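Here's the structure we're looking at; comments come further down.
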Amino acid sequence: MNAFWTQPDFDDHEVVHFVHDDKSGLTAIIALHSTHLGPAAGGTRFWHYAEPGAAMRDALRLSRGMSYKNAMAGLPMGGGKAVILAGEDRRKTPEMLAAFGKAVDGLGGKYVTAEDVGITVADMVAVHQQTEFVSGLPVEEGEAGGNPGPFTALGIYLGIKAAVKHKLGRDTVEGVHVAMQGVGSVGGGVARLLAKDGAKLTLADIAADEVQALGQELGADVVAPDAIMSVACDVFSPNALGATLDEAGIARLDCSIVAGGANNQLARPENGAMLAERGILYAPDYVINAGGIISVTMEYLCRRDDAPCDINEVRKRIALIPERLSKIWQDSEATGSSPDRVADAMAQKLIGRG
Ligand code: NAD
């Protein structure tokens, strides 16, 4: 294998830390892509990878995504991400979380962590026992922060509405058909918000019982996970894991819009142009899914007396997501460059790499 730093995913990361703690069994990667705008902020993923190279690629791609996400959301934070390499038994122990907390603390505030897939609020509380550089902790009612999922869902819901207006010229999502891949913390929240507005939903998740229950609750159709990408619909909303938009996946799509919360939806950089060639409007993932990081960053800054703690401030900032998406789509139409490329160029400029 080529050296990591010569691979495209490395993309000039400032530093990548490898963490191994024999006693607890912790193996983790903490990737800091950019601290140009502030401390690198981004969650921790706990995941079992088929091989360490896959964990590395995930950490690097997610970390760069956080640089772009935080910059585009107007946050005074850089971008980073941690992945904890789960064993085959996916066992997560208090000792591992403590060792991870110590590793984060050792970076002296250059990296601020939070929840991502596989990490709960309770896990973050455990990490917080070792370090102050943590967000996504429990907060009082009406305060910024806590579980980022509902805030991410709110931003995606607003982004889907903006895409429907832009592409279909419709002011509401009533009767708009949205096919949702993954209905966990984020996807489930988006589905509930869309259902309230009378959207027609088709849901899929590998958690069969949970998706059936949600389908019943919302009066939505449920299909098998391998069928969701070919459902004829207005909006395909990916809210599971990334890289589902590869050549084969895009060829299967039967929709006008792709807008969802999963990080790194495009498997390869050229997949954004493929969507555009098919006439599908794409909402760049790190722009539409910034609601959670906006909330936990406000929580972190509030704890350090650098920002208001009020949840309404979070909502105000999330309400700006549709405007940002519209600007990207307008620039894309004006330049012929696909929305992901337009967004990347905007973000790179903001982090001093344009
Ligand atoms: P989650 O674990 O709560 O939900 C993910 C869901 O996807 C689960 O229900 C899982 O069963 C399902 N799933 C996994 N593989 C699937 C497949 N092949 N087909 C259908 N369903 C599948 O995670 P989450 O917090 O909801 O995050 C979802 C995505 O959004 C992730 O990519 C995450 O990185 C991204 N994201 C999350 C947040 C947040 O605030 N939680 C913020 C930004 C981005």
Side-chain angles (χ1 to χ4, degrees), residues 45-48 50 58 62 90 116-118 147-150 152-161 163-164 167-168 173-267 271-272 274-275 278 280-286 288-289 291-292:
R45 180 167 289 193
F46 182 87
W47 194 253
H48 173 66
D58 214 20
L62 290 164
R90 287 143 176 95
D116 189 51
V117 176
N147 177 11
T152 304
L154 174 63
I156 293 161
Y157 160 74
L158 296 175
I160 289 176
K161 285 188 17 161
V164 164
K167 181 77 180 174
L168 308 176
V173 289
E174 192 178 354
V176 170
H177 186 182
V178 185
M180 309 214 41
Q181 180 183 51
V183 288
S185 170
V186 171
V190 177
R192 286 192 171 89
L193 290 167
L194 289 170
K196 249 194 227 161
D197 282 0
K200 172 179 161 51
L201 299 176
T202 302
L203 315 177
D205 200 296
I206 53 171
D209 291 349
E210 283 84 348
V211 71
Q212 284 297 344
L214 187 67
Q216 248 177 13
E217 177 194 325
L218 303 179
D221 290 339
V222 174
V223 298
D226 61 4
I228 192 72
M229 287 188 81
S230 28
V231 167
C233 60
D234 297 303
V235 183
F236 171 66
S237 185
N239 295 287
L241 292 184
T244 50
L245 299 174
D246 57 9
E247 211 168 318
I250 292 170
R252 289 166 65 200
L253 291 175
D254 188 359
C255 62
S256 308
I257 295 163
V258 171
N263 283 313
N264 295 333
Q265 291 165 28
L266 302 175
N271 295 137
M274 284 180 192
L275 284 170
R278 287 209 50 206
I280 297 171
L281 183 72
Y282 176 59
D285 43 18
Y286 57 79
I288 195 171
N289 73 10

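The first residue of the sequence shown is numbered 1, and numbering continues consecutively from there. Not measured: the values here are computed from a predicted model.
For S185, the side-chain hydrogen bond (donor to acceptor under 3.5 Å, both in side chains) test picks out no residue, with sequence neighbours left out. Scored by the side-chain hydrogen bond (donor to acceptor under 3.5 Å, both in side chains) test, D58 finds R45, Y49 as partners (sequence neighbours excluded). For the side-chain hydrogen bond (donor to acceptor under 3.5 Å, both in side chains) test, no residue two or more places apart in sequence or in another chain qualifies with D205. Every ring-ring contact (aromatic ring centres under 6.0 Å, His included) that Y286 has, sequence neighbours left out, goes to Y68.
The only member of T152, N239, N263 that meets side chain to side chain donor-acceptor pair (under 3.5 Å) when paired with N289 is N263. For the side-chain contact (heavy atoms from CB on, under 4.5 Å) with V176, the qualifying choice from I160, D197, V164, L194 is V164, the only one to do so.
The two residues A240 and G182 make their nearest non-hydrogen contact at CB-CA, 4.1 Å. Considering every non-hydrogen atom in both A204 and A224, the closest pair reads CB-O, 4.0 Å. Heavy atoms only, all atoms of each residue included: A179 and I228 are closest at CB-CD1, 3.9 Å. Here the shortest heavy-atom pairing between G187 and M180 reads O-CE, 3.4 Å.
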Review item, side-chain donor-acceptor pairs of residues 243-259, under 3.5 Å, at least two apart:
{"residue": "D246", "atom": "OD1", "partner": "A248", "partner atom": "N", "Å": "3.4"}
{"residue": "D246", "atom": "OD1", "partner": "G249", "partner atom": "N", "Å": "2.7"}
{"residue": "R252", "atom": "NH2", "partner": "D226", "partner atom": "O", "Å": "2.5"}

Side-chain donor-acceptor contacts of residues 212-222 below 3.5 Å, not counting sequence neighbours, with atom names and distances?
{"residue": "E217", "atom": "OE1", "partner": "R192", "partner atom": "NH2", "Å": "3.0"}
{"residue": "E217", "atom": "OE2", "partner": "R192", "partner atom": "NE", "Å": "2.9"}

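A distance of 11.5 Å separates NZ of K167 from CG of D234, quoted to the nearest 0.5 Å.
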**Request:** Start with the C-alpha gap between I280 and F236, add the side-chain angles, then the distance that decides, and say whether side-chain contact (heavy atoms from CB on, under 4.5 Å) holds.
**Result:** CA-CA 10 Å; I280 297 171; F236 171 66; over 6 Å; no
**Message:** Does V231 form a side-chain contact (heavy atoms from CB on, under 4.5 Å) with H177? I'd like the steps, not just the answer.
**Reply:** CA-CA 10 Å; V231 167; H177 186 182; 3.8 Å; yes
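Side-chain atoms of D285 come within 3.5 Å of backbone N or O of N264 as a donor-acceptor pair.
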